[in-house]
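Written below as structure tokens is the structure these notes are about.
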Amino acid sequence: MINFTVGPVQSSESVLAIGAEQVPYFRTVEFSEMMLENERLIKKFAHTTEDSRVVFMTCSGSGGMEAAIINTLTKSDKALVVNGGSFGQRFVELLTLHEIPFTEIKLEYGKALKPEHLAPYEGKGYTAFLLQKHETSTGVHFDINLVSDFCKRNDCFLIVDTISTFLTDPFDMEALNAGVMITGSQKALACPPGIAVMALAPSALERIEHTKCCCQYLDLKLALKNQERGQTPWTPAVSVLRQINVRLKEIDAVGGDQVEIARAAHLANYFRNKLIEYQLPFEIVSESLSNAVTPLHPTTQSAYEIFLKLKDEYGIWICPNGGDMKDKIFRVGHLGCLTEADYDKLIAAFLELRGKKFI
Ligand SMILES: *Cc1c(COP(=O)(O)O)cnc(C)c1O
């Protein structure tokens, strides 16, 4: 199998090897030290301030999104949220569920965020801003600097879902003055699913301290208190945390986040150039691409049929879309342990399908 989906993605041999080991008991000095190292390396790669903190929650990325909302926002906030696809829609649903007042900036699929989208909300008393740095469902990389500048001018608390772009595109939490950054173990961290990673700036820590969290399991006060000594309130996904440790050290050893980002950029460009070189019948549908994913609209065949064909006959997994995008869009990911040779195989499969008039 070659996996080009957007998560879970392919892991390195050393990460896989940890998965084959017995799960150790975790209330130990050794585990605590490892967790503190994980925190230190996430802070380094997310470019946080020294006094920021990191917690590792045992849940998928969506649990991190919900934890951010219920621990840092209250009914007296007035939030802005960008909704450009299914993950933006998830933020909208969470804000609705938890009764946080908000205004939605709804974007058409594939469209970039522009200054004119934010202009109407300038000086209107908004206190919080939530967005995906990269809306993975449509492959649109939003202009985070635009949002960060708006938040600085308007004194808005910024919550950024970087679940698919942490380690594929630059992210400087301190420079952006972001309050919360959320990512997940199964995207560019290239580990199995099970852990949401949250980086929390001092502005977030203050909000958490003064917010009554409605959920015990996702209470960040408890997570922060325990992480002070490298522990978690509940039994965590121990193996995944060990795999994250191996992976973070691997990235650190080769030069850190910049090198990892350059690797993703190289693979993305390699694939995109091949599409042009062979004039494959796919259109790139995003106005603003990240290095994480290439979203494509096939002009001659249903996107979902292409996904099925590659999976069933070639053992190659591209990423299908759901809902009304099912037949229109498929995505090719550049996350995880992939090489140029893997993309050559994908392109060869596309060429064969074109030869057989399937596409
Ligand atoms: C994958 C993803 C999520 C959701 O993550 P789960 O781990 O499936 O809960 C949220 N936001 C973005 C941008 C994602 O790419």
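Index from 1, following the sequence. Both ligands and their constituent atoms are indexed starting at 1 by order of listing.
- Remark: Thr127 pairs with Asp77 by the side-chain hydrogen bond (donor to acceptor under 3.5 Å, both in side chains) rule, at least two apart or across chains.
- Between Trp234 and Tyr217, the ring planes lie parallel to each other; the angle is under 30°, not in the 30° to 60° tilted range.
- The number of heavy-atom neighbours closer than 6.0 Å to CD of Glu206, taken from other residues, nucleotides and ligands shown, is 12 or below.
- The contact shell of ligand 1, taken as protein residues with any non-hydrogen atom closer than 4.0 angstrom, comprises Ser60, Gly61, Ser62, Met65, Phe87, Arg90, Gln132, His134, Thr136, Asp161, Ile163, Ser164, Gln186, Lys187.
- For the salt bridge (charged side-chain N to carboxylate O under 4.0 Å, His left out) test, no residue two or more places apart in sequence or in another chain qualifies with Arg272.
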Scan the side chains in residues 315-325 for donor-acceptor partners under 3.5 Å anywhere in the protein, sequence neighbours excluded, and list what turns up.
from	atom 1	to	atom 2	distance (Å)
Asn321	OD1	Arg331	NE	2.7
Asn321	ND2	Ser137	O	2.8

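- Atom CD of Gln216 has 12 or fewer heavy atoms from other residues, nucleotides or ligands within 6.0 Å.
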